[in-house]
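Data block below; observations after.
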Amino acid sequence: MPELPEVETIRRILQDGTPDSPPLPGKRIRRADLRWARTLAAPEPGEFQARIAGQTVAEIGRRAKYLLIRLSSDTLVIHLRMSGDLRVEPASGAAARHDRLILHFEDGDFLAFNDTRKFGRVWLLTDPASLLSPLGPEPLDASLTPEIFHARLRSRRRQIKPLLLDQHFIAGLGNIYTDEALHRARLHPRTPSNTLTVDQAARLLESIRFVLRAGIKANGASIDWVYRGGGFQNQFQVYHRTGEPCNHCGTPIERIRVGQRSTHFCPQCQALPAGSL
DNA sequence: ACGAGCGCCTGTCGGC
DNA sequence: TGCCGACAGGCGCTCG
């Protein structure tokens, strides 16, 4: 499900709360209820239970698609993968189908990690840097300049779309926002990364930031049965719009396979330069 | 270095 | 109606 904007939306809900979801900072964990063992990546269940009990939530952070729940002495790291979601329930609330991990707080409220497809993972780490250091730059971080981005693109020879999905190259993009960014930048998803000019690289970085910020502003995207209130799906230009007219030129949007992933683009606005393949 | 194939899981949808 | 394959917002692994 979630890419950077969806994870950021959840981070803000957990950190600041909403009218029907209390903020987590300050809550003390009474116990953890692990309902699907493989959800826990580390440490072993026994150590996890013993260490997490009694810790207090300090703040909720994010790195790329990872949520970082900073506790008194450890960080609970959560990756939602395809179908993960988090919700805070009052003491009167009930566990739901597909809840894989539940953290019960001293005040009775609880945090549920719901994950239909069981791809999501949770780590309790003293130092999350060990897990996060292989990640590429954060796309909204100003330290990633167009010049650096261009140099990174030129240093590889890969199709641009799979490269943008590679979390070691740049961290936080998924299938939706990659397709949307490439359309805005007017780049064909199979464009070889080493052929991009400085101007194209700058335009691509601007496009990535534009669609991510629009996604965050809309509280993320909600599609199919995975609905959590976001509205970015109403701003899609290409994703899930196969056959519909491009909002820029009217040409029907096409869907192809690139790097094993379903890919949506406008064949007119995002034409491959002749001979670039 | 790169791309393809596959595994991990459950659920929905369209075609026959 | 039932069955069956395709597909789904992710990512790690192996193999050429």
Side-chain angles (χ1 to χ4, degrees), chain A residues 1-10 35-42 62-67 77-86 96-101 113-123 131-132 134-136 139 152-183 189-195 208 211-212 214-216 218-243 255-264 276-277:
Chain A
M1 169 209 328
E3 306 181 31
L4 189 155
E6 288 75 30
V7 177
E8 175 62 18
T9 298
I10 293 174
R35 304 182 151 218
W36 177 256
R38 298 191 63 179
T39 293
L40 181 64
R62 178 188 62 75
R63 171 76 168 97
K65 304 178 194 174
Y66 291 85
L67 263 172
V77 182
I78 302 177
H79 197 303
L80 303 170
R81 292 281 182 99
M82 288 287 271
S83 59
D85 197 7
L86 290 166
R97 188 165 152 83
H98 306 316
D99 280 350
R100 308 305 181 191
L101 174 67
F113 174 38
N114 190 275
D115 183 25
T116 302
R117 293 179 69 181
K118 300 177 175 172
F119 290 165
R121 290 295 179 267
V122 171
W123 299 256
L131 180 69
L132 306 176
L135 291 173
R152 287 176 71 82
L153 288 165
R154 298 286 302 203
S155 72
R156 310 293 297 273
R157 290 168 176 266
R158 285 184 73 183
Q159 299 182 121
I160 187 67
K161 168 155 177 177
L163 187 57
L164 293 179
L165 288 174
D166 184 340
Q167 304 298 300
H168 304 287
F169 180 76
I170 186 167
L173 294 172
N175 212 30
I176 292 178
Y177 293 90
T178 299
D179 280 4
E180 294 296 318
L182 287 172
H183 178 260
R190 289 199 225 269
T191 308
S193 61
N194 58 315
T195 65
I208 289 168
V211 298
L212 290 179
I216 292 170
N219 296 317
S222 310
I223 57 176
D224 301 336
W225 46 282
V226 187
Y227 181 77
R228 208 187 36 253
F232 187 64
Q233 66 280 6
N234 299 316
Q235 297 172 53
F236 287 169
Q237 300 298 303
V238 287
Y239 191 81
H240 266 205
R241 291 197 64 235
T242 309
R255 184 169 76 110
I256 59 175
R257 281 261 158 200
V258 181
Q260 322 282 86
R261 305 299 298 279
S262 178
T263 300
H264 313 74
S276 70
L277 274 188

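Within every chain, numbering begins at 1; the chains are lettered A, B, ... in the order of the sequence lines, protein sequences first and strands thereafter.
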Is any side-chain nitrogen or oxygen of A/Arg117 closer than 4.0 Å to OP1 or OP2 of B/dG11? no
To the closest 0.5 Å, what do you measure between CG (A/Asp115) and CG (A/Asp85)? 9.5 Å
Below the 4.0 Å mark, does C/dC11 have OP1 or OP2 next to a side-chain nitrogen or oxygen of A/Gln167? yes
For A/Arg38 and B/dG7, give me the distance from atom CZ to atom P, rounded to whole Å. 14 Å
Can you see whether A/Thr263 engages A/Arg255 through a side-chain donor-acceptor pair at a distance of less than 3.5 angstrom? no
With respect to the phosphate group of B/dT10, does any side-chain polar atom (N or O) of A/His98 fall under 4.0 Å of OP1 or OP2? no
Which side chain to side chain donor-acceptor pair (under 3.5 Å) pairs, counting each pair once, include a residue from residues 164-173 of chain A, with sequence neighbours left out? A/Arg158-A/Asp166
For A/Lys118 and B/dT10, give me the distance from atom NZ to atom P, rounded to whole Å. 4 Å
For B/dC9, is there a stacking contact with A/Phe119, counting only centres under 5.5 Å and planes under 30°? no
Donor-acceptor pair between A/His98 and A/Asn114 side chains, under 3.5 angstrom: no
For A/Trp123 and C/dG12, what is the distance between atoms CH2 and C1' respectively, to the nearest whole Å? 11 Å
Between C1' on B/dC9 and CZ on A/Arg100, what's the gap in Å once rounded to a whole number? 9 Å
Report yes if at least one side-chain N or O of A/Ser262 is closer than 4.0 Å to OP1 or OP2 of C/dA8; otherwise report no. yes
A/Thr9 side chain to A/Asn219 side chain, donor-acceptor N/O pair below 3.5 angstrom: no
For a quick check of understanding: with a heavy-atom distance under 4.0 Å over all strands, which category does A/Tyr177 fall into, base, sugar-phosphate or nothing? nothing
Secondary-structure stems for DNA chain C, with pairs counted as Watson-Crick or G-U when both distances are under 3.5 Å and runs at least 3 long: B:2-8 with C:10-16, B:10-16 with C:2-8
Determine whether any donor atom in the side chain of A/Gln260 lies under 3.5 Å from an acceptor atom in the base of B/dG5, or the reverse, and answer yes or no. yes
Taken to the nearest whole Å, CG/A/Leu153 to P/B/dA1 is 16 Å
Quick one: which of B/dC2, B/dG3, C/dG10 gets closest to the side chain of A/Arg156? B/dC2
NE2 of A/His264 versus C1' of C/dA8: gap in Å, rounded? 11 Å
Does a side-chain N or O from A/Arg261 land closer than 4.0 Å to OP1 or OP2 of C/dC11, or not? no
Minimum-distance nucleotide to A/Arg157 side chain [options: B/dC2, B/dT10, C/dA8]: B/dC2
C/dA8, C/dG12, B/dC2: which one has an atom nearest the side-chain heavy atoms of A/Arg257? C/dA8
Which distance, rounded to the nearest 0.5 Å, do you find between the NE2 of A/His240 and the CG of A/Asp179? 10.0 Å
Looking across every strand, which nucleic acid part, if any, lies under 4.0 Å from A/Arg121 by heavy atom: base, sugar-phosphate, or nothing? nothing
A/Arg81 side-chain N/O to B/dG7 phosphate OP1/OP2 under 4.0 Å: no
Give me the ring orientation class for A/His79 and A/Tyr66: parallel if the planes are under 30° apart, tilted from 30 to 60°, perpendicular past 60°. perpendicular
